[in-house]
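The structure under discussion appears below in the form of structure tokens.
Predicted, not measured: the structure shown is a model, and the values here were computed from it. Each chain gets a letter, A, B and so on, in the order its sequence line appears, and its residues count up from 1.
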4 protein chains.
Amino acid sequence: MLEELGYKRLSIEAIAARAGVGKQTIYRWWKGKGLLVIEAFAHATSARATELPTADSGSVAEDLRRLLLSVFDRNAHYDRGAAPATKSMMAEAQLDREFLATFRELVQSWHGLFLRVLERGKERGELRPDADSAALVDLLMGATWYRVLLEHAPLDKAYADTIIRTVLEGNRPD
Amino acid sequence: MLEELGYKRLSIEAIAARAGVGKQTIYRWWKGKGLLVIEAFAHATSARATELPTADSGSVAEDLRRLLLSVFDRNAHYDRGAAPATKSMMAEAQLDREFLATFRELVQSWHGLFLRVLERGKERGELRPDADSAALVDLLMGATWYRVLLEHAPLDKAYADTIIRTVLEGNRPD
Amino acid sequence: MLEELGYKRLSIEAIAARAGVGKQTIYRWWKGKGLLVIEAFAHATSARATELPTADSGSVAEDLRRLLLSVFDRNAHYDRGAAPATKSMMAEAQLDREFLATFRELVQSWHGLFLRVLERGKERGELRPDADSAALVDLLMGATWYRVLLEHAPLDKAYADTIIRTVLEGNRPD
Amino acid sequence: MLEELGYKRLSIEAIAARAGVGKQTIYRWWKGKGLLVIEAFAHATSARATELPTADSGSVAEDLRRLLLSVFDRNAHYDRGAAPATKSMMAEAQLDREFLATFRELVQSWHGLFLRVLERGKERGELRPDADSAALVDLLMGATWYRVLLEHAPLDKAYADTIIRTVLEGNRPD
DNA sequence: GTATAACCGAGACGGTACGTCCCGTCTTACA
DNA sequence: TGTAAGACGGGACGTACCGTCTCGGTTATAC
């Protein structure tokens with residue numbers, strides 16, 4: 001229904017009707033449209049067994065590339081698949097502080113994957129040991145989200161390369 | 001009123017009442033809440049004469065630093081000043097495609113400033129000539145927006161340093 | 001719609017839909033279902049020009065008889081015409097004190113007609129001068145309403161005769 | 001709870017909660033709010049051993065007076081005691097035909113007492129033998145209910161006297 | 001200096017959705 | 001096995017705003 005109507009026109013009334021369910025039942029389980037969508041999103045992504053690739057390939061560059069391209073893949077089409085949902089959630093997060101807290105947890109769970117890769121890189125001496133990994137993750141993710149949100153340029157391999165190249169070269173040891 | 005109520009609870013009805021104006025008059029001038037806010041935002045930022053620093057200091061690093069810190073300054077407090085407004089607009093942009101187009105123009109007008117600085121850097125040989133400047137701007141802005149939107153970490157000098165350092169070191173010539 | 005559905009199943013939602021009107025518009029004009037019905041009732045009875053007979057025939061008995069039979073006529077069929085509406089209003093009056101006040105005014109406007117007839121009777125010496133006219137009206141109306149409300153016996157001429165006979169004979173001068 | 005909340009706001013949900021009982025259990029015993037209240041009313045009036053006075057004093061006037069004043073007593077205060085309950089039941093009877101049937105039986109059980117008194121009066125020659133006793137009971141009860149329902153005048157001794165006087169004088173033999 | 005038009009506040013209107021209450025039925029988990 | 005607890009599908013409530021639409025009562029202009 002999200003893809004069909006868009007988040008704004010998606011009403012709890014309509015969800016209930018489509019589900020053949022009383023509105024109260026929905027309010028019993030979720031506090032609002034946002035939290036319902038977040039859960040539906042989590043369910044959909046986990047159900048489709050589309051886990052992000054976490055295997056250790058031996059090189060930060062390769063690990064990061066795999067991870068980032070996987071994220072790019074899911075969000076490359078701004079108007080279908082995961083992107084509309086994540087965009088909607090980011091919007092709701094700006095409109096409802098309570099929702100922001102929940103959403104942040106979801107988003108930060110993704111950070112973990114990136115953090116681990118970067119930390120492995122440090123251990124292997126591929127990255128400066130004093131680099132601020134958390135900040136680097138924000139760079140990686142921020143660059144990605146920015147294009148998804150504004151839709152002013154595509155999430156393509158060239159962009160991924162630029163991002164990864166910049167982050168790694170910019171934090172090479174000495 | 002935006003700071004007071006938040007974008008979600010800010011209704012055109014309330015704006016009209018507060019302004020001592022008929023609703024029709026508002027609809028005559030703006031097509032929706034989003035476009036009204038975008039204009040109010042533009043008015044407020046220009047009125048306060050808080051233009052971004054564009055002077056050429058002679059070094060990319062310094063120019064970038066000044067520019068980025070100026071942006072950081074305006075948005076450092078996530079719950080007052082410019083941040084709530086920009087966050088609201090980013091939200092609206094996700095919910096209304098027509099608004100997205102308008103908002104994108106506003107945002108991209110800011111890109112110009114960063115692009116010019118990077119291009120000057122290329123000319124001076126401070127940056128690789130084949131670096132994708134547009135992508136680098138997205139890196140800079142994306143990293144900034146990301147923390148503003150998620151509010152999971154502060155927009156502080158350390159973060160600015162990491163961003164600039166990474167972008168510049170990551171795109172040094174040869 | 002009242003006759004069709006009955007007062008209980010008559011919802012403001014349905015009235016609005018049938019009238020092709022927003023619910024708010026109804027709430028703008030009437031405070032509740034009861035007050036709307038009371039107004040519809042007043043409108044219907046006045047529109048149909050079914051005024052009660054108030055002419056002076058020269059005898060209390062005859063005046064009273066005409067008046068009472070006219071009331072009987074309108075309410076003889078407990079399940080159509082005026083009776084369902086008046087019954088509904090009497091019900092609402094028991095459930096909502098504010099409505100009771102309004103309803104009482106309507107009902108007491110009818111008392112006036114009976115009171116005038118009785119007072120004429122006193123003047124002509126057909127009734128004891130110290131009879132409590134108001135109480136006698138309550139007797140006349142109470143007896144009528146009682147059968148309408150309980151529907152345990154018909155509003156027929158015999159009952160009208162008994163009522164009038166009792167009230168007049170019971171209050172003959174000396 | 002009836003006195004506390006009024007019939008309208010009295011919900012089965014609330015009754016169950018207050019009673020520490022499942023809703024289902026209530027529906028197992030009573031078909032609706034009305035029937036539950038009618039039973040509670042019957043229980044309350046019988047428990048308080050406030051039976052109506054049926055003894056034969058030797059005079060219709062006296063018997064009637066005792067009986068009527070007893071009814072008046074219970075309902076003199078329109079907002080507490082028996083009156084709110086009877087008013088509620090009369091309301092429900094107008095809204096639900098099935099309930100009306102049950103309620104009518106309860107009400108008519110009271111008629112029996114009045115009928116017996118009137119019949120005794122006929123036997124003793126205190127009343128015209130061809131008087132319609134049932135109609136007279138409706139006069140007595142109707143006059144009483146009317147004031148209880150509209151609350152436009154008190155149930156006082158003067159009113160009782162007028163009622164009884166009218167009914168007896170109006171149906172004296174010859 | 002007055003008639004006339006443009007404007008605008010106020011807010012009613014048809015409408016959608018909200019979040020809540022309660023209905024009467026169904027399910028669960030404990031005693 | 002029965003029952004409290006309460007979830008469920010459902011209907012209606014009364015409210016908030018939406019974007020559109022009349023209204024009068026000013027101004028401001030043209031005659």
Taking 4.0 angstrom as the limit, do [X] and [Y] come out as a salt bridge?
X: A:E4; Y: A:R18; result: yes
X: A:E92; Y: A:K33; result: no
X: B:E13; Y: B:K23; result: yes

* Just say parallel, tilted or perpendicular for the rings of C:W110 and C:W145, cut-offs at 30° and 60°. =>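 Rings of C:W110 and C:W145: parallel, as their planes differ by under 30°.
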
Rounded to whole angstroms, how far apart are [atom1] on [X] and [atom2] on [N]?
X: B:E98; N: F:dG19; atom1: CD; atom2: P; answer: 12 Å
X: B:K8; N: F:dA16; atom1: NZ; atom2: P; answer: 17 Å
X: C:I26; N: E:dG15; atom1: CD1; atom2: P; answer: 12 Å
X: B:I15; N: F:dC17; atom1: CD1; atom2: P; answer: 11 Å
X: B:E92; N: F:dC18; atom1: CD; atom2: P; answer: 11 Å
X: C:K23; N: F:dC13; atom1: NZ; atom2: P; answer: 6 Å
X: A:L5; N: E:dT16; atom1: CG; atom2: C1'; answer: 14 Å

Checking contacts here: which listed nucleotide ([options]) is nearest the side-chain heavy atoms of [X]?
X: A:Y27; options: E:dG19, E:dC22, F:dG9; answer: E:dG19
X: B:I12; options: E:dG9, F:dG10, F:dG19; answer: F:dG19
X: D:E13; options: E:dC26, F:dC18, E:dC23; answer: E:dC23
X: B:T25; options: E:dC13, E:dA17, E:dC8; answer: E:dC8

* Taking for each residue the nucleotide of DNA chain E with the nearest heavy atom, is it D:Q24 or A:L10 whose nucleotide lies nearer the 5' end? ->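 Result of the comparison: A:L10.
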
* To do: Check each residue of residues 28-35 of chain C for a non-hydrogen atom within less than 4.0 Å of any atom in DNA chain E, then write out the ones that pass by number, or none.
  => C:R28, C:W29

* Asked: Are any non-hydrogen side-chain atoms of C:E105 and C:Q108 less than 4.5 angstrom apart?
  ->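 A side-chain contact under 4.5 Å is absent here.
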
* To do: Decide yes or no for C:L100 and D:L149: does some side-chain heavy atom of the first lie under 4.5 Å from some side-chain heavy atom of the second?
  =>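 The answer is no; the side chains never approach within 4.5 Å.
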
* Asked: Would C:K31 and C:F99 count as a side-chain contact (heavy atoms from CB on, under 4.5 Å) if you check the C-alpha gap in whole Å, the side-chain angles of each, and the deciding distance to 0.1 Å?
  -> CA-CA 9 Å; C:K31 218 201 148 186; C:F99 178 80; over 6 Å; no

* Take B:R9 and A:A19, find for each the nucleotide of DNA chain F with the closest heavy atom, and name the residue whose nucleotide sits nearer the 5' end. =>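 Taking each residue's closest nucleotide, the earlier one in sequence belongs to A:A19.
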
